[in-house]
Amino acid sequence: MDYKKLAQLLFPDVDKTPEDLEALYPPRQLPEGAKVTRFAPSPTGFVHFGGMFPVRVAERLAHQSGGVFYLRIEDTDAMREVEGAAAALIRTLADYGIVFDEGASLAPDGSICDKGNYGPYKQSQRAHLYHVYAKMLVEKGLAYPCFTTEEELEQLHSTDKKAEIKNTDWEAEAEKRREEMLARRTFTMESVEENLKAGNPFVLRLLADGDGEKKIIVTDLVRGKLELPENEEDFVLLKSDGIPTYHFAHAVDDHLMGTTHVVRGEEWLPSLPKHLQLFRYLGFKLPKYMHISQIMRLDENGNKKKLSKRDMGANLDDYKRLGYCAETVVEYIMTLLNSNYEEWHAANPTAPFTDFAFNVKKMSVSGCLFDINKLNDVSKNVLSRMSADEVYDKITEWTSEYDKELYSLLVRDADYTKSILAIGRGGKKPRKDFTVWGDVRPYLDFFYDELFEIKDTLPEGTDMADARATLAKFADVYDESDDTNTWFEKIKAIADSLGYASDMKAYKADPTAFKGSVADISAYIRLAVTGKLNAPDLYTVMHILGRERTLARVSASL
RNA sequence: GGCCCCAUAGUCAAGCGGCUAAGACGUCGCCCUCUCACGGCGAAGGCGUGGGUUCGAUUCCCGCUGGGGUCACCA
């Protein structure tokens, strides 16, 4: 077979050689040890929570080493592409602090444009590049055309895509595929010419030289030495529309773009032999591989499952809607990615997470379960460390979209709102009232007259006369200029006057000796002022509300 | 089903031949306390299983079991 002729027949329009391309995309000039990584999503929908793990790793590796982190859009499957997904993806990622140095970027008008010298960064615009290498492979007799149509293939195989994969007779299937492959590999130049003349589409397949019985050893940076079977499948390089499959695009793009470290999900592990073979055929230097474990969830039967599309929390935008702030998600992911991150953060509470020395060796090999409890705990800590100003900015942003009523109240008097948010904030042991932004409303609604109402009720058996007497006495003695001690002494005095214990220790020693305690007295006042049995420090609350409103609420409950 | 990956408490995890097997979340109890939110102290709970190797295995090797992934002209 005259492979040169075959190649010319198949790719008559290709006039460049691999050498031409190498010249066009020279090696990057980067300092020693600088890593070039990428995120290469297909624009098929939202950003997946699980996807954040490899992205973060890739981002850290590049930026920690003074390298380059770029975005490549893998839009080789026109069928699945979702309009606007790429732009949305860039925005969402930016929300979480993932910014690219190079690659597909957002233009001011919202469209996608290229930034950098190694583009185009959309695979659909790179067909001419792939074809150069495709032609070379054909010339070398390492790839061949296959005119069997998709429909014919489907009829041939008993496997109906993945739906019925469990009911497949695997042995028969394997045998059938072997025969098919042999048949595919034997063809004549004449038949190719005929097919081309008839305008029949073809796919380009790699001529596999592997033996599935033999093993190859690869080193994965997180998993260590891996023993994988050689590839023996004549997999598709170019689809009938001339667009490459993932495998081929991966090899060509990551080579041309100078990727040093390929970071991707572990679901790619089984196809790694294909990639090794391809790189070898193409004469490309192999990048370092890192296969990141998947994040899992628990299904109805208590089994681990890959966190998949329709699961709650799979869409990164869900977290925003639910009121988790971006810092929380970043923090949670860092915690799972590097087991010593939490410890580091505890020791460096104010340092940005980018100061942390991310270490590949500290990464877990087994897939972990998504834990909402842990996320919530992380969130509480993150929010508690923020300043009142920061919280104000974020909560107004969130409510402007998800709670407009509260939003209008919060921004009416920013200083007032900030004074509320400052309660118990800033010290060594800050309050942790919020997990998500939705927690803010029930926490501080009583500070706004429009939302204030008596929500709780005093416990069964409460002497309402005492409650009223307490309020009356309190209204009489309340002086806004009292310091916190004086203020509380007055409340204790009310307790004593009504036969309630002013000293909690005395009360606990013998509860029967009193009608109640100063805790009950406080509860009467708290309910009148806040409408609730539980609230932050009453003294502070009253000062924020001001004398007038405090007393108005007290007398309203009389 | 073939192939591959994984295996320390409910969850995340230290450990890398000799330890009373860290720590965090969650759970429960106690303390602090005018309630709440913090904070402090404590408790329960773990090396999947069977063989090796070794003076000694959570740690190394093999089998088993379990879980996950993958087997497209999808990525």
Side-chain angles (χ1 to χ4, degrees), chain A residues 40-42 44 74-77 79-80 123 146 148-150 153-154 157 159 161-162 165-171 173-174 177 201-205 212 220 223 226-229 233 235-241 243-247 249-250 264-273 291 293-294 296 298 303-306 332 335-336 339-340 342-343 346 362 364-378 380 384 423-424 427-434 443 456 488 491-492 495 502 504 517-523 525-527 530 532-539:
Chain A
S42 56
T44 53
E74 310 230 327
D75 56 344
T76 54
D77 186 2
M79 298 293 287
R80 298 199 314 155
Q123 290 181 332
C146 167
T148 314
T149 65
E150 226 177 324
L153 266 182
E154 260 172 44
H157 295 275
T159 42
K161 292 290 163 73
K162 55 184 167 187
I165 212 153
K166 280 202 175 105
N167 303 324
T168 303
D169 179 346
W170 289 98
E171 283 211 18
E173 185 65 22
R177 291 194 181 204
F202 67 90
V203 300
L204 192 72
R205 288 180 184 273
D220 179 288
R223 295 168 178 265
L226 257 29
E227 208 172 85
L228 302 168
E233 185 192 336
F235 62 93
V236 173
L237 262 22
L238 248 29
K239 298 184 260 186
S240 53
D241 58 3
I243 299 294
T245 56
Y246 170 87
H247 312 297
H250 155 51
R264 58 181 17 170
E266 66 177 341
E267 70 272 21
W268 287 108
L269 228 31
S271 45
L272 187 52
H291 291 90
S293 306
Q294 295 278 318
M296 314 288 248
L298 240 34
N303 290 324
K304 279 188 181 180
K305 264 284 178 341
K306 187 163 108 176
Y332 179 59
T335 307
L336 289 181
S339 52
N340 55 330
E342 238 182 326
E343 192 186 339
K362 283 284 181 184
S364 178
V365 203
S366 47
C368 66
L369 223 43
F370 175 79
D371 185 359
I372 189 77
N373 281 324
K374 187 67 184 182
L375 176 75
N376 287 342
D377 182 65
V378 166
K380 276 187 175 186
S384 74
I423 299 173
K428 274 227 159 59
K429 297 168 183 173
R431 295 181 63 95
K432 297 179 179 173
D433 297 295
F434 312 139
Y443 170 77
D456 289 343
F488 195 55
I491 291 175
K492 281 180 161 179
S502 61
M504 286 306 286
S517 75
V518 69
D520 300 309
I521 298 296
S522 295
I525 302 172
R526 180 174 297 107
L527 186 66
T530 70
K532 296 174 206 178
L533 262 10
N534 300 326
D537 176 55
L538 249 188
Y539 177 81

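We name chains A, B, ... by the order of the sequence lines, and we start the count at 1 in each one. Computed from a predicted structure; not experimentally measured.
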Open item on the list: What's A/E233 touching, base or sugar-phosphate or nothing? Going by heavy atoms closer than 4.0 Å.
Closed with: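 Result for A/E233 = nothing.
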Tabulate protein N/O versus nucleotide N/O from nucleotides 66-70 of chain B, keeping only pairs under 3.5 Å, one per line.
residue: B/G68; atom: OP1; partner: A/K304; partner atom: O; Å: 2.9
residue: B/U70; atom: OP1; partner: A/K306; partner atom: NZ; Å: 3.3

Considering only [options], which nucleotide approaches the side chain of [X] most closely?
X: A/R177; options: B/C71, B/C25, B/C73; answer: B/C71
X: A/K432; options: B/G39, B/G26, B/A24; answer: B/G39
X: A/D77; options: B/C73, B/A75, B/G26; answer: B/A75
X: A/R205; options: B/A75, B/A37, B/C73; answer: B/C73
X: A/K362; options: B/A75, B/A14, B/C38; answer: B/A14
X: A/E74; options: B/A14, B/A75, B/G26; answer: B/A75
X: A/P229; options: B/C3, B/C5, B/A14; answer: B/C3

Open item on the list: For the P atoms, the ones on B/C12 and on B/G68, what distance do you get once it is rounded to whole angstrom?
Closed with: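 The same atom, P, in both gives a distance of 14 Å.
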Between [X] and [N], is there a side-chain N or O to OP1/OP2 distance below 4.0 Å?
X: A/S366; N: B/C5; result: no
X: A/S240; N: B/C73; result: no
X: A/K239; N: B/A72; result: no
X: A/S384; N: B/C38; result: no
X: A/K428; N: B/C38; result: no

Task: Non-hydrogen atoms of A/C368 and A/L336 that approach each other most closely - done: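 Heavy-atom minimum between the residues: SG-CD1, 3.8 Å.
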Task: Heavy-atom pair of closest approach, residues A/C146 and A/R205 - done: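 For A/C146 and A/R205, the tightest heavy-atom pair comes out as SG-NE, 3.6 Å.
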- [ ] Scan nucleotides 27-36 of chain B nucleotide by nucleotide, 5' to 3', and note B when protein non-hydrogen atoms come under 4.0 Å of the base, S if they reach only the sugar-phosphate, - if neither.
- [x] ------BBBB
- [ ] Between A/C368 and A/N373, name the one whose nearest nucleotide on RNA chain B is closer to the 5' end.
- [x]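 Nearer the 5' end of the strand: A/C368.
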TODO: Could you check A/H247 against A/K429 and say which one's nearest nucleotide on RNA chain B is further toward the 5' end?
DONE: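 Nearer the 5' end of the strand: A/K429.
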Flag, side chain of [X] to backbone of [Y], donor-acceptor distance under 3.5 Å:
X: A/S42; Y: A/T44; answer: no
X: A/S240; Y: A/V203; answer: no
X: A/R223; Y: A/H291; answer: yes

Open item on the list: Which residues pass the ring-ring contact (aromatic ring centres under 6.0 Å, His included) test with A/Y443, not counting sequence neighbours?
Closed with: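 ring-ring contact (aromatic ring centres under 6.0 Å, His included) list for A/Y443, sorted by chain: A/F434.
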Task: Residues which pass ring-ring contact (aromatic ring centres under 6.0 Å, His included) with A/H247, listed by chain and number, not counting sequence neighbours - done: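 With neighbours one apart ignored, the set is A/F235, A/H275.
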TODO: Determine whether any donor atom in the side chain of A/T245 lies under 3.5 Å from an acceptor atom in the base of B/C73, or the reverse, and answer yes or no.
DONE: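 Looking at the base of B/C73, it does not pair with any donor or acceptor on the side chain of A/T245 (distance under 3.5 Å).
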Task: Residues which pass side-chain hydrogen bond (donor to acceptor under 3.5 Å, both in side chains) with A/D537, listed by chain and number, not counting sequence neighbours - done: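 Partners of A/D537 by the side-chain hydrogen bond (donor to acceptor under 3.5 Å, both in side chains) criterion, ordered by chain and then number, come out as A/T540.
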Task: By side-chain hydrogen bond (donor to acceptor under 3.5 Å, both in side chains) - contacts of A/E74 (at least two apart) - done: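 For A/E74, the residues satisfying side-chain hydrogen bond (donor to acceptor under 3.5 Å, both in side chains) (neighbours in sequence not counted) are A/R72, A/Q123.
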- [ ] Would you mind reporting whether A/P244 and A/T76 have side-chain heavy atoms less than 4.5 Å apart?
- [x]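 A side-chain contact exists here, since the closest heavy-atom pair is under 4.5 Å.
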